Each structure stands twice: as C-alpha cells, then as structure tokens.
S.K.: 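First, the structure itself, so that you have it in front of you.
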Amino acid sequence: MSVFPRVSLRPEVYEHLRHVFLNQELLAAIGRAEAERRFQGLLLVLSHPPGFTCVRASTHLAPLEEVRRRLARELQQRQQRSGSPATVAVEILLHPRVPDVLLLPVIGPRSLVPLRSEVVVGAQCGSAVLRGANVFAPGIVATPKFMKPGDAVSVFSDVDGRCTRGCTKPFQGNKVFVGNGVSEMHRATIFAQEPAKGLGVRMTEPLYQSPSFDGVLPDLVFLQNLPSVVVGHVLGPRPGERVLDMCAAPGGKTCHLAGLMKNQGEVLALDRIRNKVELIRQNAAALRLTCVRAFCFNSTQAVTSDPALLATDGPPFPPSSFDRVLLDAPCSGLGQRPSMTVGWSLKEITSYSPLQRKLLHAAVQLLRPGGVLVYSTCTVTLAENEEQVAWALLTYPCLSLVPQEPHVGGPGLPGAGLTPDQLKLLQRFSPELSNVAPPLSTEAPPPLSNEAPPLSTEAPPPLSNEAPPLSTEAPPLSHQADRDTIGFFIAKFLKN
C-alpha cells in the first residue's frame, strides 16, 4: 500500500533514469508499457521502507537458532518494559537460502491519527524512523514552543529540507507523517547552544512498526540489508585465505567475511576516512574478530610493484596479493530505501563511474590468478552496474563472470550489451518487482520458513529461560523478502 508520493528527483535526473529504464534492449524484451510501469513503480517503492527488517546473526559465536530465540526474548522484554498497552508477538523468520539471516516482517502502513503537537525531523531521521528507529535529538528540526518530557507528539519528516531549525510555528512545507511518540526532552535542551544528544522522541505508534535495535544483542545481531549479506556469501571466503575489502566502512561486510572464515586467515579493510576506519575496528572488536586489520588508505592506490613503496604489513600491496577481493564501490546510492527526495544533480549522479573503474583496475591487479572478485553497489543505474561489468570484461580478458550462490535476486538489466547468459550470472535486486508476478527470474525462490536452513546441522544448546512461542506456519509473504528490499547489484568475476 502506497502512502507517500514518488521519490522527488530533479527533472534532469528523472529523465536520465527514465532513459535507463526505457532503453532499447529492455523495450525489445518487455515492451514500452511494462517498462514504463516498472520505472514508475521504482519511483514509488523507493519512498517506502522495505517490507522486512533484515538482521545478520553472528553464527561464528552462536548457532542461528539460539540467536533467534535470544533475539525474540529480548525484543519481547523490551516491549513489556516500554509499557505498551498491547504486546504484539514478534515474528522472526529464517531465510531458506541465506543461513545467517533473520527476517522480521514490517507491519504497515498502520492507520494512525496525527496529533495536534508536531515535531519536525530531517529527511534522514524520518527515513530511520520508518525503519524502526526512535528520534534522536540531532535529527529534530522543529518542536512545539513549550514541549517538555512526557508530551504526546506527532513526528513529521521534512522532505525537502525547508523547515527552519528551531521553528515553533506549524511547518507548512512538504512534510510526511511518520508516526506518533512521546517527547523525552525539553525543547530548550534540544535547541541549546551546545548540540543535544540522546533520545528526543520515543516512538510509540510508528507508521511502520519494526523493532528498534539500538543496543539489542550487539555481539550477536547486526542490522544489514539482505543484499549486503548475500554479497559476503557470494564472495565465499574460506578459513585461512587472505581477503581484501577495498571500501570497507562501516565494516558490516568486513566483519561478515571474517565470520564466514571462522576468524581464521586475514581480512584487510581499507577506507579513506580515518574515523570510519576506527568504526571498522570497533565493530570487529565487538564481534571478537581478531583476523580483521583496518587501514586508512585510498584503494585506488593500493597496488604497487615498486619495492621501495611496499609497506611491511599494510597498503600498498604487491600485485596478486589476495585470494578474494570485495569491491563494494562508492555509488550514487539510488537504491536506498526509504528515500523521499534525492537532491543531487545529474552531474553528481553520473560522477561515480570513473572512480569505480579506477577501483576495479586496482582490484584486478591485487587479485591472484584463480581468485574471486565481487563488485557490488546499492544503486539502480546501468552506468554503475551492468555497463561496468561490460567494460571490465572488455578491458581485462583475464576476467570471466561466474555463477553466484546464493542467487536470490533477479538477473541483470538489459541495456549494456551483455548477452542473456551473462545477465543471468549477475544479481540485481529490483524492489519495483516486489508486486510484479512473475519475477524476471525464471527460477522461483523457495518460501520463507520457520524451519532451520539445511546448512545448519548443529543443535543449539538450551537456554536458561523459555523463549516466546514462534509461529510454525509459512508466512503469507513467502516470496517477498528477496524482492522487497533495497535496490542492489552484484557481479562475481573469476580471474583466469
């Protein structure tokens, strides 16, 4: 159900994307009417949150079933402590193809009545609320004049960023209602000279109901979009290997790779921003992953054949230094959800391809013969996805596309001159197809299940407390989780 308008784009960006999704190859495959319908569907779905909250379990520390039971119990206890008048049973599903993923169906949009007292938050804060977060003070733009702790308020997201900070009058600009909550701060504290921190509004009636994971089992669960978890499995690192994550911050994928390797081997993580590198180290430490080493370094310069420039234990590295390389490339981010407005110019949207190619050039050199390179983005354009694959195959004859496992997304998008067989080897997550049947892929995904995946053969140890009962019936949205997610792209190469 759609409750928000289509994502707001600059006219030149709209026309650019429309050209992408109505390219001649795609029109020949599905026709103009269907292509136009999918494009308009994409603009609509991008402004809404995904239908599932995805959590990656730290299965290197505990079996998946144990993590699920502990998570269900923790979320239920938090509900009870919050004083909610009605406790809703938390449904936690296992993914049938991704063995360390837990899925929580999002309930919404709910039928809510906005209150007279309004709190306006920035667009980024509003998007976080739609995915289950509370409102923290830095995200608040405007409040009622005499707001105090305990006041019931409605929260609105400032879509275009036009609300004046500290405003007391009702904001009449472009805003959307994201739910009701209770103030946790005085207005004077929020807008004091020293920027306030901490919880500003506790959401009691979010428009889309999804648990807040702030401080929830930090060593056992990690909030991560489903395609971002799939990337780690597609790369397929093994214990004892040497793996490079070229654009690693904030470290979610880095830590996943280290966990898949059972903390045996070496995962080197690079990022250009120093405080983000520290975040990678903190995340690795929290998950007890000692095989991760993070460096502040520009990955386009991470390879050299000059012995005088080689570092003793960090970048730059000599060619053929790594068994596997992950390049989760900087991109335009047009697949992120929810996103109600994209204020970037066409020049900014199209500025990423040259950087991505520089990074791919370094990645190919750093990979040993016989090694695996995975390239991924969280955007929907051809130029940053399929066209980069076509360029890489033409520029580096040593590269070939290979099948991905698991393959739970659809094939690549026609339009870059790739063959149908090559498109099938790619993996594109297309949220605009979440309500389209049949999917582009000819192979239907298995339904979600509350049964453990076949990969899990070890029985979890009993817990000291009884976990809340979990449904044993197949969920009604059995085919939705793989498609109702963010827009994402994955390509897997073998260096011959």
Side-chain angles (χ1 to χ4, degrees), residues 2 4-27 29-30 34-51 127 225-228 230-231 247 327-353 355-356 374-391 404 407-418 422-424 426-436 439-441 482-491:
S2 302
F4 304 132
R6 291 176 176 86
V7 59
S8 174
L9 303 169
R10 292 189 180 187
E12 67 271 19
V13 174
Y14 174 90
E15 289 302 325
H16 172 74
L17 284 180
R18 188 171 183 272
H19 180 73
V20 168
F21 282 86
L22 275 74
N23 71 75
Q24 292 303 311
E25 285 186 45
L26 188 59
L27 293 182
I30 64 175
E34 177 62 13
E36 183 70 56
R37 187 172 75 86
R38 292 186 184 183
F39 173 58
Q40 296 301 328
L42 174 65
L43 300 183
L44 188 61
V45 77
L46 286 178
S47 64
H48 293 71
S127 295
N225 290 301
L226 176 63
S228 297
V230 171
V231 163
C247 304
L327 174 51
D328 186 47
C331 69
S332 57
L334 293 175
Q336 292 292 358
R337 298 173 60 195
S339 180
M340 294 181 196
T341 184
V342 176
W344 288 3
S345 67
L346 181 58
K347 182 178 180 180
E348 290 170 312
I349 293 291
T350 57
S351 67
Y352 287 91
S353 291
L355 172 60
Q356 292 161 353
V374 167
Y375 172 84
S376 63
T377 75
C378 59
T379 195
V380 298
T381 68
L382 275 172
E384 298 174 77
N385 295 328
E386 288 84 358
E387 287 182 9
Q388 296 292 43
V389 170
W391 172 83
Q404 303 182 31
H407 198 296
V408 297
L413 186 71
L418 297 172
Q422 288 173 326
L423 291 176
K424 289 178 183 178
L426 304 176
Q427 194 161 190
R428 179 182 270 257
F429 291 81
S430 304
E432 70 273 17
L433 300 181
S434 58
N435 293 316
V436 174
L440 277 177
S441 175
D482 295 337
R483 288 187 283 166
D484 193 1
T485 181
I486 65 169
F488 205 88
F489 178 84
I490 309 173

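Bear in mind the structure is a predicted one, so any value in this text is a computation, not a measurement.
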S.K.: Using the side chain to side chain donor-acceptor pair (under 3.5 Å) criterion, which residues pair with Thr350? Sequence neighbours excluded.
M.R.: none

S.K.: Apply ring-ring contact (aromatic ring centres under 6.0 Å, His included) to Trp391 and list each qualifying residue two or more places apart in sequence or on a separate chain.
M.R.: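 Partners of Trp391 by the ring-ring contact (aromatic ring centres under 6.0 Å, His included) criterion, ordered by chain and then number, come out as Tyr396.
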
S.K.: Quick one: pull up CG in Leu433 and CG in Leu42 and give me the separation to the nearest 0.5 Å.
M.R.: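 Here the rounded value is 9.0 Å.
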
S.K.: Could you check if a side-chain atom of Thr379 sits within less than 4.5 angstrom of a side-chain atom of Phe489, using non-hydrogen atoms only?
M.R.: no

S.K.: Would you check if the side chain of His48 reaches a backbone N or O of Phe4 as a donor-acceptor pair within less than 3.5 Å?
M.R.: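 The answer is yes, because a donor-acceptor pair under 3.5 Å joins these two groups.
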
S.K.: Ignoring hydrogens and geometry, is there a side-chain-to-backbone donor-acceptor pair from Gln356 to Ala329 under 3.5 Å?
M.R.: no

S.K.: Minimum heavy-atom separation for Ser47 and Val7, please, with both atom names.
M.R.: CB-N, 4.1 Å

S.K.: Go through the structure and list residues passing side chain to side chain contact (heavy atoms under 4.5 Å, CB included) with Pro414, not counting sequence neighbours.
M.R.: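 Pro414: side chain to side chain contact (heavy atoms under 4.5 Å, CB included) contacts with Glu25, Leu26, Leu423.
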
S.K.: Could you list the residues that satisfy salt bridge (Lys or Arg N to Asp or Glu O under 4.0 Å) with Glu386, not counting sequence neighbours?
M.R.: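 Scan of Glu386 (salt bridge (Lys or Arg N to Asp or Glu O under 4.0 Å), adjacent residues dropped) gives Arg428.
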
S.K.: For the atom pair CG (Leu17) and CD (Glu15), what is the distance rounded to the nearest 0.5 Å?
M.R.: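 If we round to the nearest 0.5 Å, Leu17:CG and Glu15:CD are 10.0 Å apart.
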
S.K.: Shortest non-hydrogen contact from Leu327 to Cys247?
M.R.: CD1-SG, 3.9 Å

S.K.: For Arg10, what residues pass the side chain to side chain donor-acceptor pair (under 3.5 Å) criterion, not counting sequence neighbours?
M.R.: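 With sequence neighbours excluded, Arg10 shows a side chain to side chain donor-acceptor pair (under 3.5 Å) to no residue whatsoever.
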
S.K.: With sequence neighbours left out, write down each residue that passes ring-ring contact (aromatic ring centres under 6.0 Å, His included) with Tyr14, or none if nothing qualifies.
M.R.: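 In terms of ring-ring contact (aromatic ring centres under 6.0 Å, His included), with neighbours along the sequence ignored, Tyr14 is linked to Phe39.
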
S.K.: For the residue pair Leu46 and Pro338, establish whether any side-chain heavy-atom pair is separated by less than 4.5 Å.
M.R.: no

S.K.: Pair Asn385, Leu413 - check side-chain contact (heavy atoms from CB on, under 4.5 Å), show working.
M.R.: CA-CA 9 Å; Asn385 295 328; Leu413 186 71; over 6 Å; no

S.K.: So which heavy atom on Glu12 is nearest to which on Ser345, and how close?
M.R.: OE2-CA, 4.2 Å

S.K.: Has the side chain of Thr377 got a donor or acceptor atom that lies under 3.5 Å from a matching backbone atom of Cys331?
M.R.: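 It does not hold such a pair.
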
S.K.: Is there side-chain contact between Val230 and Val408, with at least one heavy-atom pair below 4.5 Å?
M.R.: yes

S.K.: Please give me the minimum heavy-atom distance between Trp344 and Val13, naming the atom from each residue.
M.R.: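 In terms of heavy atoms, the two residues are closest at O-CG2, 3.5 Å.
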
S.K.: Are any side-chain N or O atoms of Ser434 and backbone N or O atoms of Arg483, one a donor and one an acceptor, separated by less than 3.5 Å?
M.R.: no

S.K.: Side chain to side chain contact (heavy atoms under 4.5 Å, CB included) with Gln336: which residues, sequence neighbours excluded?
M.R.: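 With neighbours one apart ignored, the set is Asn225, Cys378, Ile486.
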
S.K.: Using the side chain to side chain contact (heavy atoms under 4.5 Å, CB included) criterion, which residues pair with Thr341? Sequence neighbours excluded.
M.R.: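 Here the qualifying residues are Ser8, Val159, Asp160.
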
S.K.: By salt bridge (Lys or Arg N to Asp or Glu O under 4.0 Å), which residues pair with Arg18, not counting sequence neighbours?
M.R.: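 Partners of Arg18 by the salt bridge (Lys or Arg N to Asp or Glu O under 4.0 Å) criterion, ordered by chain and then number, come out as Glu36.
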
S.K.: Work out which heavy atom in Leu426 is nearest to a heavy atom in Ala491; give both atom names and the distance.
M.R.: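 Result for this residue pair: CD2-CB, 3.7 Å.
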
S.K.: Hey, does Phe488 have a side-chain heavy atom less than 4.5 Å from the side chain of Leu226?
M.R.: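 Result no, sub-4.5 Å side-chain heavy-atom pair not found.
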
S.K.: Locate the shortest heavy-atom distance separating Leu44 from Pro5; write the atom from each residue and the value.
M.R.: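 Heavy atoms only, the tightest pair is CD1-C, 4.3 Å.
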
S.K.: Measure the shortest side-chain to side-chain distance between Pro431 and Thr485 over non-hydrogen atoms and say whether it is less than 4.5 angstrom.
M.R.: no

S.K.: Residues in side chain to side chain donor-acceptor pair (under 3.5 Å) with Ser376, at least two apart?
M.R.: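 Expected list: Asp328.
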
S.K.: Can a donor-acceptor pair be found between the side chains of Ser353 and Glu384 at a distance below 3.5 Å?
M.R.: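 No, Glu384 and Ser353 have no side-chain donor paired with an acceptor closer than 3.5 Å.
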
S.K.: With distance as the sole test, does Asn23 use its side chain to make a donor-acceptor pair with the main-chain N or O of Val20 at under 3.5 Å?
M.R.: yes

S.K.: Taking only residues at least two apart or on different chains, which pairs with a member in residues 329-343 satisfy salt bridge (Lys or Arg N to Asp or Glu O under 4.0 Å)?
M.R.: Arg337-Asp484

S.K.: Would you please name every residue forming a side chain to side chain donor-acceptor pair (under 3.5 Å) with Gln404, sequence neighbours left out?
M.R.: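 Listed in chain order: Gln427.
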
